[in-house]
Amino acid sequence: MEGQVKIRFIRNFTLEPIEMWLSRELRSSGMSVDCEFGGFASAANEIQEIAREKEEGVVTLTVLALGLEMTASDFGHASWAAEAACQRHLMLVRAAIAGSNAPLVINTVLPPLFSPTGTAVVPGAKSQASLVEELNTELRSLAGMHPGRVVLVDWGGFARELGEQGTYDYRFWHTSGAPFATAFLSRYAGAIAGVVRALTGQVRKCLILDCDNTLWGGVVGEDGLQGIELSADSLPGAYFQEFQRSILDLHARGVAIVLCSKNNESDVFDVLDNHPGCLIRREHLSAWRVGWNDKARSIAEIAVELNIGRDALVFVDDSPQECELVRSTLPEVLVIKTPDRHAEFAGFLERKNLFDSLVVTSEDLVRTSSYRQNRERNELSSALGDIAEYKKLLGTYLRVRLAAEVDTPRVLQLIQRTNQFNLTTRRHDQATVKRMIADPDALLICAELGDKFGDLGVIAVAIVMRMGDEAAIDSMLMSCRALGRDAEVAFACAVFSTISDLWHSTRVSAEYIASGKNAQAAGFWERVGLVRQQQGGASANVTFYSNENLAALARNNMPSHVIYMDQTNER
């Protein structure tokens, strides 16, 4: 799906201008977009075609862009049949969800701005606003029942942020069937682009922050602990504190929080440890570079320490000079200058939809602690100096099992987000994952990893297809957090062993498809004993491998320091 993305809009209002905003949003992620817009009055018929067209591989993402504004000319007036309009809307959304297992974006709807009864309450009757709110509650419930497949975009949040003038354009509403203003369409496009990035593995995973005049007002080295602005009782301190709250929201979703500041380290940690208004504390940090080194160099070091790609980093600073330095030196890093007005700090990161994920898994909730555990591992490695002894002392264990339906959200997340150690970078959707779990001619294998410092949860996925007497590895991938202790080798051996034990296959074939982001996986199949067969075929970036003695591969290549727990027969 990377490169060009096709989005089909099933809509009931003029929406074509959104394509410009989507193109702008996705261009920075190296993607182009092709939008297809259905007719105004044909939503019901087009919904029936969703499943058929997905099977033919025509549509990448379907957006059900339906509002109540265009359902009747008397929308919001006393004569408007609000209850019937809400019921029909809900019926269309349910049909769309039931008609396809492909990714689908739906939206909440907006109530009329004004009540036709004014401040009066009609006894025994539901207001138009309450009917719309009931509809939105049901839409939220539907999205919650299909996590990872149905994504809900909150139009109400856009309207609260933008106000009436930023939401509606009455001129084009009545002349062109286009009720929504440019600002509203821009925010809507940003939310859809966030979904696309999540589906294509373009999600940012790490937020790197400057400190002075970014996390707090003033310069701590000059103003001192009591002189910086970070109090909820005064301005601009309250703005900085609200910004910190939004950062902690990201932390709770599994985004790594890192500091990169030209400062004395003791001054910065004095704020984090002792300032009563500072909400971000030392334990929230996955890494830091506080000192007087070049920030571009420090950020490059952070990527290495966390073992994530530079294209997963977002850097926020108040200095135009520092922003330009990092932008020009590390073009893969997304660089954002803070707003010039402190009052705009609250919410400015949320509006950019940079860290959107289709689901939040249990692994997300512990991801930041896993970065701290990696730091402890590195400290142990440095103290020992002997890599073999270090690996023994880690006590690494790998639990391998066949995926069950309950694993679908995490498996889907890994397939969609993993780039670095991903042998083929195939982005399967939820329907495909569920089908493979149930298919007797497919093995969907997942692995959990842990050691003396902690458990990382599910960190690896392999998909294997039975092709007669041969087993073909469709996908194999592992989270970057698990790399560096031969876990990927142990997992490959476990996959070979599972194929041999469950299918009695002796021959396996595999591919390495270069993506531009998975260079570190090049040569991996040879490392675990597969033999290169050819390069090229349909694409010059594909290399084919095979081997005809799986049982021996599994025995001979399993790292001795990894405790392998085979749970594939316990499903």
Side-chain angles (χ1 to χ4, degrees), residues 205 254 256 286-287 304-308 361-403 407 410-411 413-414 417-418 420-423 445-462 473 476-501 518 520-521 523-529 550-570:
K205 303 175 184 177
S286 297
V304 172
E305 177 180 335
L306 299 183
N307 199 19
I308 57 179
T361 66
S362 57
E363 284 79 7
D364 292 320
L365 302 180
V366 300
R367 179 178 292 113
T368 53
S369 63
S370 73
Y371 289 126
R372 291 196 299 274
Q373 292 165 8
N374 271 340
R375 189 162 60 245
E376 293 171 352
R377 293 183 186 100
N378 292 337
E379 290 170 355
L380 174 62
S381 177
S382 299
L384 290 174
D386 183 333
I387 191 65
E389 185 65 19
Y390 160 71
K391 289 178 178 180
K392 288 180 183 178
L393 287 176
L394 272 181
T396 301
Y397 54 88
L398 186 77
R399 289 189 295 265
V400 176
R401 56 185 169 80
L402 297 183
D407 296 305
R410 176 56 177 166
V411 168
Q413 185 182 65
L414 282 168
R417 294 180 60 168
T418 305
Q420 290 178 277
F421 189 84
N422 192 332
L423 276 300
I445 305 166
C446 60
E448 301 175 20
L449 186 73
D451 59 24
K452 65 182 292 183
F453 290 105
D455 194 317
L456 297 181
V458 176
I459 47 77
V461 172
I473 299 177
M476 181 170 165
L477 50 108
M478 179 173 284
S479 168
C480 59
R481 294 179 295 128
L483 301 177
R485 49 200 135 142
D486 298 328
E488 63 275 24
V489 175
F491 183 52
C493 292
V495 170
F496 298 153
S497 179
T498 301
I499 295 170
S500 178
D501 291 345
N518 65 349
Q520 75 178 91
F524 175 76
W525 289 129
E526 291 166 296
R527 182 182 167 197
V528 294
L550 284 183
L553 278 184
R555 277 194 313 271
N556 298 337
N557 291 294
M558 178 65 74
S560 60
H561 61 271
V562 176
I563 302 169
Y564 170 40
M565 304 176 184
D566 182 2
Q567 299 177 337
T568 55
N569 287 308
E570 297 179 15

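What you are looking at is a predicted structure, and each value in this text was computed from that prediction instead of being measured. Hydrogens, waters and symmetry mates play no part in the numbers below; they use all other heavy atoms, side chains included.
The two residues Ser286 and Leu306 make their nearest non-hydrogen contact at O-CD2, 3.9 Å. Nearest heavy-atom pair, Asn557 versus Val528, reported as atom, atom and distance to 0.1 Å: ND2-O, 3.3 Å. Closest heavy-atom contact between Phe524 and Glu488: CZ-O, 3.4 Å. Across all non-hydrogen atoms, the minimal contact from Trp525 to Ile473 is CH2-CD1, 3.8 Å. Here the shortest heavy-atom pairing between Cys480 and Ile308 reads SG-CG2, 3.3 Å. Pairing each heavy atom of Ala490 with each of Met558, the nearest pair is O-CE, 3.5 Å.
Looking only at distances, no side-chain donor or acceptor of Ser497 sits under 3.5 Å from a matching main-chain atom of Cys493.
Side-chain contact check for Val458 versus Arg401: some heavy-atom pair is nearer than 4.5 Å. Contact of the Met565 side chain with the Leu398 side chain is not registered, since no non-hydrogen atoms from C-beta on lie closer than 4.5 Å. Under the 4.5 Å side-chain criterion, counting only non-hydrogen atoms from C-beta, Phe496 is not in contact with Arg555. Between Leu483 and Gln520, the closest side-chain pair of non-hydrogen atoms falls below 4.5 Å. Considering only heavy atoms from C-beta on, Asp451 stays 4.5 Å or farther from Leu456 through its side chain. With contacts defined as side-chain heavy-atom distances shorter than 4.5 Å, the pair Val562/Tyr397 does not qualify. Proximity of Val400 to Thr568: side-chain heavy atoms (C-beta onward) are separated by under 4.5 Å at one or more points.
Atoms CD1 and CG, on Ile459 and Leu414 in that order, are 8.0 Å from each other to the nearest 0.5 Å. Residue Glu448 holds its CD atom at 4.5 Å from CZ of Arg399, rounded to the nearest 0.5 Å. Taken from CZ in Arg481 to CG in Asn307, the straight-line distance is 11.0 Å, to the nearest 0.5 Å. Interatomic distance, CG of Asp407 versus SG of Cys446, reported as 4.5 Å (0.5 Å rounding). For the atom pair Leu402 CG and Gln567 CD, the distance stands at 10.5 Å (nearest 0.5 Å). Atom CE in Met478 sits 6.5 Å away from atom CG in Leu449 (nearest 0.5 Å).
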